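Labels below follow one simple rule: chain letters A, B, ... track the order of the sequence lines, proteins then strands, and each chain is numbered from 1. Here the structure is a predicted model, which is why all the values come from computation and not from measurement.
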Amino acid sequence: MPRYDASKSEPFWQDAWARSGTFTARRDDAKPKYYVLEMFPYPSGNLHIGHVRNYAMGDVVARYKLATGHAVLHPMGWDAFGLPAENAAMERGIHPEGWTRDNIANMKAQFARLGLSLDWSREFATCDPDYYGHQQSMFIDFLEKGLVYRKNAVVNWDPVDMTVLANEQVEDGRGWRSGALVERRELTQWFFKISDYSDELLSALDTLDNWPEKVKTMQANWIGKSRGLQFAFGLVDAPEGHDRIEVYTTRPDTLLGASFVGISPDHPLARQLEQDNPDLAAFSAECRKMGTAEEDLEKAEKRGFDTGLRVRHPFDTAWELPVYVANFILMDYGTGAIFGCPAHDARDLEFARKYGLPVVSTFAPAKDDGSALPEDGGDAYVPPKTEPVIYVRGFAGDTEQTGNDAIDAAIAFCEENGVGRGVTKFRLRDWGLSRQRYWGCPIPVVHCDACGVVPERKENLPVRLPEDVSFDIPGNPLDRHPTWRDTPCPACGKPARRETDTMDTFVDSSWYYARFTSPGAATPTDPDEAAYWMNVDQYIGGVEHAILHLLYSRFFARAMNECGHLPDKAREPFDALFTQGMVTHEIYTNKLFGPGYSGKKTIPTNPEASEKAWIRSSVEKFFFPEDVVSFSHEGKRMAVLKDTLEAAGRDPQNIEDLVDQEREDEETELGVLVIPSAKMSKSKKNVVDPGTIIDQYGADTARWFVLSDSPPERDVEWTAAGAEAASKHLGRVWRIAEAASDAPDTGKGDDALLREMHKAIHDVTMGIESFGFNTSVARLYAFANVLQKSQAGRAARTQAARTMAQLMSPMTPHLSEEIWRLLGGEGLIANAPWPQADPAMLVEDEVTLPIQVNGKRRAEITVPKEMSKEDVEARALATDAVQKALQGGSPKKVIVVPGRIVNVVV
RNA sequence: GCGGGCGUGAUGGAAUGGUAGACAUACCAGACUUAAAAUCUGUUGGGGCGUAGCCCCGUGUGGGUUCGAGUCCCACCGCCCGCACCA
């Protein structure tokens, strides 16, 4: 028999599947339907090994569901709009569409080699005018339903490139290309009214039983429902038009600890004051010279500007508080104004200490643990709201109560006394969808001097992107494209201008799952097909999408439902969600100047060496795996450059030579630092190309590797050794199958093998059902070990080997088909029904119980499975170890957990 | 900064609150071979002792709950992900 040759087998079976149409989704009312979807990729040009892991997982589910008698929908497409295409266009003078289409073609060819059970007849890209045309028509539907509106919002503005920057294009407050300091600028932009659904999006999380808890928690925190008090501080000597400052607080119980009022630089009062206060104007301008990312604001040093204005405390009009304009207060949150209570908020405390403002505790720990109060230099005291505390300056409710009770009491008190009202607010902001870019879905509205903002007529959709554009001038090409931009008003027919903003790419990915149910429909969805295929039974993707993509999709499904594009049951579109971990790979970086050097970039003491190091680092911050020799020494991963090793005449095979080289490099500061488990990226030179792996070992090996070892939700480290091991095992499986087929026809059975087979069926099935692919793989290793050693005759071993092939088929479909054919399986293994475990074969007659004495294992006994608790206890007490421990006395307590353990307490 | 997660042998990891280390990698030893590769077999958490056996320690660190904790609770340390214009 020839060795198994993946390079011949894999294309053969891929062709066989395609010809038989095995993976074409078909409605079949005799079967339950199953819709499995993996997050579609951005067509960056190359599939990376992380994609392989994502799609291999989805494929296991899809193939398993097919084998268990489901009508399976398993589609694939392309999330094709986005910034990288425009960046490529600018850098290389090419067109974003050409670049994108080329990348799609490349990646589709790479997909084909993986042997995934995808229904390619449903493929589309979000940059297809057909797809984005339907998106435009839904935008108009949403507009009619009042789910879209316009308002001002700030963007990152690059004053040199005269363009809007994405957050990722801002580095240390500067534009990534121009290096200019970024400014915040207000533009009128389109928003989806996702905030209308805040409560529903939050409460419906409870119905998502098959979503990871962590994702639901993250979404709940993001939506951020809070109950608080909204009230106003009256201004002393109020300037024109501003007699009060509205604030919202979630901690009204700390009102008597207030020491200042802070307002956003964008607050109307701040804006008015800066008119005739140049210092304040300068301060506010400084605040606006910051990126829009929340992270930047939060990390920035807290700064304020004393306006000189004062407000009266609502409980005591003689008590006045200063009003600051502060850089950490966002106009978008609450009312754009807060009161600061330094004793119970770390940020307010930092601010108060900086500006010498009073710090007054309103409550203290119920149990004095000796730590200093905030007014005595201690940390801000912010206990969980469920913890009882002593109110030293409370004004409502009991002296000792929880934060929650005190807040309720405070709101009630304030309402009774007419100081304010209790309100529920959400952190969730409306979804700004406008992007000042070319490569996205055009927003289908027209601006007319006479009629205002008018939606495009549906019969004119899609509003196609013009193809004749160039990227040699900064800014959005749509803005300067007169023949595209100038268009008659759909309402009055007079000359008007198209909206030149395009949509956020999150819009594209918020409904693709629905389009897959009827990709050719003349409307966004075909109601009948959507009713059949929705919901997505299993959605699989990266945890990095835990909040935005999934929240936006949940919103979109609701909005689509209200416009008649999705059935009621699809308002919550993903029944089950699985978030898989990344595939990582260690990186080899320059010790002195690479990242991860603990941030301590020490000044080198040896000037000559440092210069060399600098020269190298300016050329290479990272090294390719093939340019280094990596090794482990005293539990540390180390690496040296092949070049330096060779120059020094050292042997790369000799560990001592390697260690010597490493020491020497240390002294000359030319060392290579190994950082394990780094996210793959081109710039870090640690990307593993699936193509290379498939060339070397075949797709089955790549698939088997990414599914083995690590639990799917956790990151997996790509190692050459791991891939090698996967390949070896698949070779062994093939030899086991051959041996079974060649075994003498003795008719000899093997009871142990049969039991192992049924256990394997059970455990592998459980593993797949519960996304424990790594444990399924481990079980298959164990089964292979037993089968390999079996002395049974041909029939028994063939049956076992065929079952093994079936159990492996969702993971290694090509090899499994080959074995299936070798062992006389009927038709394609992909169509064969999933094997069933016989429950009778799973139970053991006897169990071995560990005997513990005071929780430590001291002996074990083997007893019949059905033995009574009393008998087990007697047997356990009779063991030497227990007798020894008892020393003639009697046990204090004996715990018998049937079938599990016996614990004797002495 | 805020929110979420993770931490177990040399390595990836397994373990409904019930024998920690399944399965695999790596290493070592053996078989086969002129040799190597491939393949097959076996050993391997650390330490100790009176070494057919037994004892002690051990799941990032420190506490706690429990007859019993890798698992639950609290605090800390380290790493990873998200933070609304990357996708």
Side-chain angles (χ1 to χ4, degrees), chain A residues 3 39 41-42 44 79 81-84 153 155-156 164-170 212-215 217-218 220-222 224 292-300 302 328 332 346-347 350 427-437 504-506 508-509 542-549 551-552 579 581-582 584 632 634-635 637 676-679 708-711 713-717 719 721-722 724-726 728-729 731-732 735 772 774-775 777-782 785 788 848-860 891-895 897 899-905:
Chain A
R3 268 186 72 186
M39 291 179 186
Y42 179 78
S44 59
D79 189 12
F81 276 134
L83 265 187
V155 293
N156 297 309
V164 175
L165 298 178
N167 282 337
E168 75 153 12
Q169 296 174 313
V170 179
E213 283 304 320
K214 63 174 173 184
V215 173
T217 309
M218 280 193 256
N221 288 337
W222 187 261
T292 57
E294 187 180 323
E295 186 187 357
D296 296 336
L297 295 179
E298 292 277 338
K299 276 186 182 163
K302 311 295 173 278
F328 58 90
D332 292 346
R347 197 167 54 179
E350 182 188 335
R427 203 184 79 101
L428 180 65
R429 308 202 292 257
D430 278 332
W431 172 10
L433 69 114
S434 298
R435 297 292 180 270
Q436 297 69 37
R437 310 190 193 289
D504 177 9
T505 55
F506 271 126
D508 311 335
S509 56
V543 70
E544 64 271 24
H545 295 293
I547 296 174
L548 294 179
H549 162 63
L551 195 61
Y552 291 157
T579 53
M582 294 183 297
T584 59
S632 295
E634 291 174 350
R637 287 287 293 160
S677 304
K679 186 175 179 171
S708 58
D709 286 353
S710 276
E713 68 275 14
R714 231 190 280 177
D715 292 350
V716 62
E717 174 92 8
T719 59
E724 180 73 23
K728 278 185 187 176
H729 180 70
R732 189 160 73 113
R735 286 191 301 277
N774 57 323
T775 55
V777 166
R779 205 61 196 72
L780 285 163
Y781 270 107
N785 288 341
Q788 185 168 33
T848 300
L849 298 180
I851 311 296
Q852 294 182 338
V853 176
N854 292 338
K856 285 187 191 282
R857 198 190 76 93
R858 282 296 124 98
E860 59 182 38
K892 270 193 198 144
K893 194 172 178 185
V894 181
I895 292 121
V897 183
R900 277 285 176 196
I901 203 164
V902 180
N903 190 11
V904 181
V905 186

query: Looking only at atom C1', what distance separates A87(B) and C81(B), rounded to whole Å?
result: 14 Å
field: N785(A) CG to L780(A) CG distance, which is reported to the nearest 0.5 Å
entry: 11.0 Å
Distances under 3.5 Å between protein N/O atoms and the N/O atoms of nucleotides 40-43 of chain B, please, pair by pair.
from: C40(B); atom 1: OP1; to: Q788(A); atom 2: NE2; distance (Å): 3.2

query: Going 5' to 3' along nucleotides 26-32 of chain B, which nucleotides have protein heavy atoms under 4.0 Å from the base (write B), which only from the sugar-phosphate (write S), and which from neither (write -)?
result: -------
field: Heavy-atom donor-acceptor pair, E294(A) side-chain to C83(B) base, under 3.5 Å
entry: no
query: Taking atom C1' in both U71(B) and G7(B), what distance in whole Å separates the two?
result: 14 Å
task: Mind listing the closest non-hydrogen atom pair of L849(A) and I901(A) along with its distance?
output: CD2-N, 4.0 Å
query: Which is true for L780(A) with a 4.0 Å heavy-atom rule: it touches a base, it touches only sugar-phosphate, or it touches nothing?
result: nothing
query: Is the distance from OP1 or OP2 of A24(B) to the nearest side-chain N or O of N785(A) less than 4.0 Å?
result: yes
message: Regarding A293(A), tell me which of base, sugar-phosphate or nothing describes its non-hydrogen contacts under 4.0 Å with the strands shown.
response: sugar-phosphate
- request: Dump the intermediate steps for side chain to side chain contact (heavy atoms under 4.5 Å, CB included) on F328(A) and E298(A), then the final yes or no.
  value: CA-CA 7 Å; F328(A) 58 90; E298(A) 292 277 338; over 6 Å; no
message: Quick check: on RNA chain B, is the nucleotide nearest E213(A) upstream (toward 5') of the one nearest A782(A), or the reverse? Name the residue that is more 5'.
response: E213(A)
query: Considering only A84(B), C6(B), C81(B), which nucleotide approaches the side chain of V543(A) most closely?
result: C81(B)
task: Would you sort out whether V543(A) and M218(A) count as a side chain to side chain contact (heavy atoms under 4.5 Å, CB included), showing the intermediate values?
output: CA-CA 11 Å; V543(A) 70; M218(A) 280 193 256; 4.3 Å; yes
query: What distance, rounded to whole Å, do you find between the two C1' atoms, one in A75(B) and one in G68(B)?
result: 24 Å
- request: Taking atom C1' in both U25(B) and G9(B), compute the distance separating them and give it to the nearest angstrom.
  value: 12 Å
- request: Provide, to the nearest angstrom, the distance between the CG atom belonging to D296(A) and the P atom belonging to G82(B).
  value: 15 Å
task: Figure out the CD/C1' separation between E713(A) and G7(B), and round it to whole Å.
output: 14 Å
query: Looking at S710(A), does any N or O in its side chain come under 4.0 Å of the phosphate oxygens OP1/OP2 on G12(B)?
result: no
- request: Quote, to the nearest angstrom, the P distance that separates G5(B) from G18(B).
  value: 22 Å
task: Dump the intermediate steps for side chain to side chain contact (heavy atoms under 4.5 Å, CB included) on L548(A) and W222(A), then the final yes or no.
output: CA-CA 9 Å; L548(A) 294 179; W222(A) 187 261; 3.8 Å; yes
statement: Per-nt protein contacts along nucleotides 45-56 of chain B (heavy atom under 4.0 Å; B base, S backbone sugar-phosphate only, - none) come out as ----------SS
Nearest non-hydrogen partners of V164(A) and Q169(A), listed with the distance: O-OE1, 4.1 Å
task: Take the protein atom CZ of R427(A) and the nucleotide atom P of C83(B), then report the distance between them rounded to whole Å.
output: 11 Å
task: Grab the NZ-P distance between K892(A) and G68(B) for me, whole Å please.
output: 11 Å
- prompt: For RNA chain B, whose closest nucleotide is more 5', that of R347(A) or that of K893(A)?
  reply: R347(A)
- prompt: In whole angstrom, what separates R714(A)'s CZ from C79(B)'s C1'?
  reply: 13 Å
message: Can you tell me how far apart CG (N903(A)) and CG (N854(A)) are? Round to the nearest 0.5 Å.
response: 7.0 Å
query: What closest approach, in Å, do R427(A) and N221(A) show between heavy atoms, and which atom pair accounts for it?
result: NE-O, 3.5 Å
- request: Could you tell me which non-hydrogen atom of S710(A) sits nearest to which non-hydrogen atom of N774(A), and how far apart they are?
  value: O-CB, 3.4 Å
Protein-nucleic acid N or O pairs under 3.5 Å, nucleotides 16-22 of chain B:
from: U16(B); atom 1: O4; to: R900(A); atom 2: NE; distance (Å): 3.3
from: G18(B); atom 1: N2; to: N903(A); atom 2: ND2; distance (Å): 3.4

message: Using every non-hydrogen atom in the two residues, find where P850(A) and R857(A) come nearest and quote the distance to one decimal.
response: CB-CG, 4.1 Å
Side-chain donor/acceptor of K302(A) to backbone N/O of A300(A), under 3.5 Å: yes
- prompt: Quantified in whole Å, what is the C1' atom distance between nucleotide A26(B) and nucleotide G42(B)?
  reply: 16 Å
- request: Could you check which of G13(B), C67(B), G4(B) has an atom nearest any side-chain atom of M218(A)?
  value: G4(B)
task: Take atom P in G70(B) and the same atom in U19(B), then report the distance between them in whole Å.
output: 10 Å
query: How many Å lie between OH on Y781(A) and P on G13(B), as a whole number?
result: 15 Å
message: Stem list for RNA chain B, please, built from Watson-Crick and G-U wobble pairs under 3.5 Å and keeping only runs of at least 3.
response: B:1-7 with B:77-83, B:10-12 with B:23-25, B:28-31 with B:39-42, B:45-49 with B:53-57, B:60-64 with B:72-76
field: Span that lies between the C1' atom of G13(B) and that of C85(B), in whole angstrom
entry: 39 Å
message: Determine whether R435(A) and D504(A) satisfy the following criterion, side chain to side chain contact (heavy atoms under 4.5 Å, CB included), listing intermediate values before the conclusion.
response: CA-CA 6 Å; R435(A) 297 292 180 270; D504(A) 177 9; 3.1 Å; yes
Euclidean distance, atom CD1 of residue I547(A) to atom C1' of C83(B) [Å, nearest integer]: 7 Å
message: Considering every strand and a 4.0 Å limit on heavy-atom distances, what is the contact class for K214(A): base, sugar-phosphate, or nothing?
response: sugar-phosphate
message: Within 90° of 0 counts as syn, otherwise anti: where does G53(B) fall?
response: anti
Polar pairs (N or O, both sides) under 3.5 Å between protein and nucleotides 85-87 of chain B?
from: C85(B); atom 1: OP2; to: R435(A); atom 2: NH2; distance (Å): 2.8
from: C85(B); atom 1: O4'; to: R435(A); atom 2: NE; distance (Å): 3.1
from: C85(B); atom 1: O4'; to: R435(A); atom 2: NH2; distance (Å): 3.3
from: C85(B); atom 1: O3'; to: N167(A); atom 2: N; distance (Å): 3.3
from: C85(B); atom 1: O2'; to: N167(A); atom 2: N; distance (Å): 2.6
from: C85(B); atom 1: O2; to: R437(A); atom 2: NH2; distance (Å): 2.3
from: C85(B); atom 1: N4; to: Q189(A); atom 2: OE1; distance (Å): 3.1
from: C85(B); atom 1: N4; to: S434(A); atom 2: O; distance (Å): 3.4
from: C85(B); atom 1: N4; to: Q436(A); atom 2: OE1; distance (Å): 2.9
from: C86(B); atom 1: OP2; to: N167(A); atom 2: N; distance (Å): 3.4
from: C86(B); atom 1: OP2; to: E168(A); atom 2: N; distance (Å): 3.0
from: C86(B); atom 1: O4'; to: E168(A); atom 2: OE1; distance (Å): 3.2
from: C86(B); atom 1: O4'; to: E168(A); atom 2: OE2; distance (Å): 3.4
from: A87(B); atom 1: OP1; to: L83(A); atom 2: N; distance (Å): 3.0
from: A87(B); atom 1: OP2; to: T505(A); atom 2: OG1; distance (Å): 3.3
from: A87(B); atom 1: O3'; to: D79(A); atom 2: OD2; distance (Å): 2.8

task: Quick one: sort the H729(A) and Y781(A) rings into parallel, tilted or perpendicular, breaks at 30° and 60°.
output: tilted
message: Measure CH2/W222(A) against C1'/C81(B) and give the value in whole Å, please.
response: 13 Å
